[in-house]
Amino acid sequence: MLREQIKQIISINRPNISDSSLKTYVSTLTKLYKNLEEDNTEDYFNPNVLSNKRRVMKFLNDPKNNRNTPNKRKSVLSALVVFNNDGSF
């Protein structure tokens with residue numbers, strides 16, 4: 001359910017998105033959501049978690065998250081721009 005809801009929001013914001021980009025964005029944002037949200041069950045989705053710029057940036061810039069290389073952060077931010085339909089992310 002989580003993946004489907006993320007997919008639906010991205011598809012609405014970018015109706016002409018390619019299938020491969022959509023799949024990548026959904027995967028990226030699902031992983032991010034599960035890292036940010038304590039109650040990350042597949043049955044519940046709060047889109048505000050992925051819209052909270054301060055919280056997302058804190059996670060992405062946290063040195064404990066050593067997997068967050070500059071390229072990974074760029075990919076996550078690109079997915080968030082599309083998801084939130086907000087270029088200021």
Partner set under side-chain hydrogen bond (donor to acceptor under 3.5 Å, both in side chains) for [X], not counting sequence neighbours:
X: Asn13; value: none
X: Thr69; value: none
X: Ser51; value: Asn84
X: Lys53; value: Asp86, Ser88

Checking Ile9 against Asn85 for the side chain to side chain contact (heavy atoms under 4.5 Å, CB included) test, could you report, in this order, the C-alpha distance in whole Å, the side-chain angles of both residues, the deciding distance, and whether it holds? CA-CA 9 Å; Ile9 291 170; Asn85 206 20; over 6 Å; no
Ignoring hydrogens, what is the shortest heavy-atom contact between Leu80 and Leu29? Give both atom names and the distance.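 The pair with the smallest heavy-atom distance is CD2-CD2, 3.6 Å.
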Minimal non-hydrogen separation, Phe83 against Phe45, with atom names: CZ-CZ, 3.8 Å
So how far is it from [X] [atom1] to [Y] [atom2], rounded to the nearest 0.5 Å?
X: Ile6; Y: Thr30; atom1: CD1; atom2: OG1; result: 3.5 Å
X: Ser78; Y: Tyr25; atom1: OG; atom2: OH; result: 5.5 Å
X: Leu22; Y: Gln8; atom1: CG; atom2: CD; result: 11.5 Å
X: Asn52; Y: Lys58; atom1: CG; atom2: NZ; result: 10.5 Å
X: Lys72; Y: Leu77; atom1: NZ; atom2: CG; result: 11.0 Å
X: Lys7; Y: Glu4; atom1: NZ; atom2: CD; result: 5.5 Å

Show every salt bridge (charged side-chain N to carboxylate O under 4.0 Å, His left out) that has at least one partner inside residues 9-23, sequence neighbours left out.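 Non-adjacent pairs meeting salt bridge (charged side-chain N to carboxylate O under 4.0 Å, His left out): zero.
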My understanding is that only residues two or more places apart in sequence, or in another chain, count here; which of them pass side-chain contact (heavy atoms from CB on, under 4.5 Å) with [X]?
X: Ser27; result: Arg3, Lys31
X: Ser20; result: Ser18
X: Thr24; result: Thr28

State, with a plain yes or no, whether a side-chain heavy atom of Arg73 is found less than 4.5 Å away from one of Met57.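 Of all side-chain heavy-atom pairs linking Met57 with Arg73, none is under 4.5 Å.
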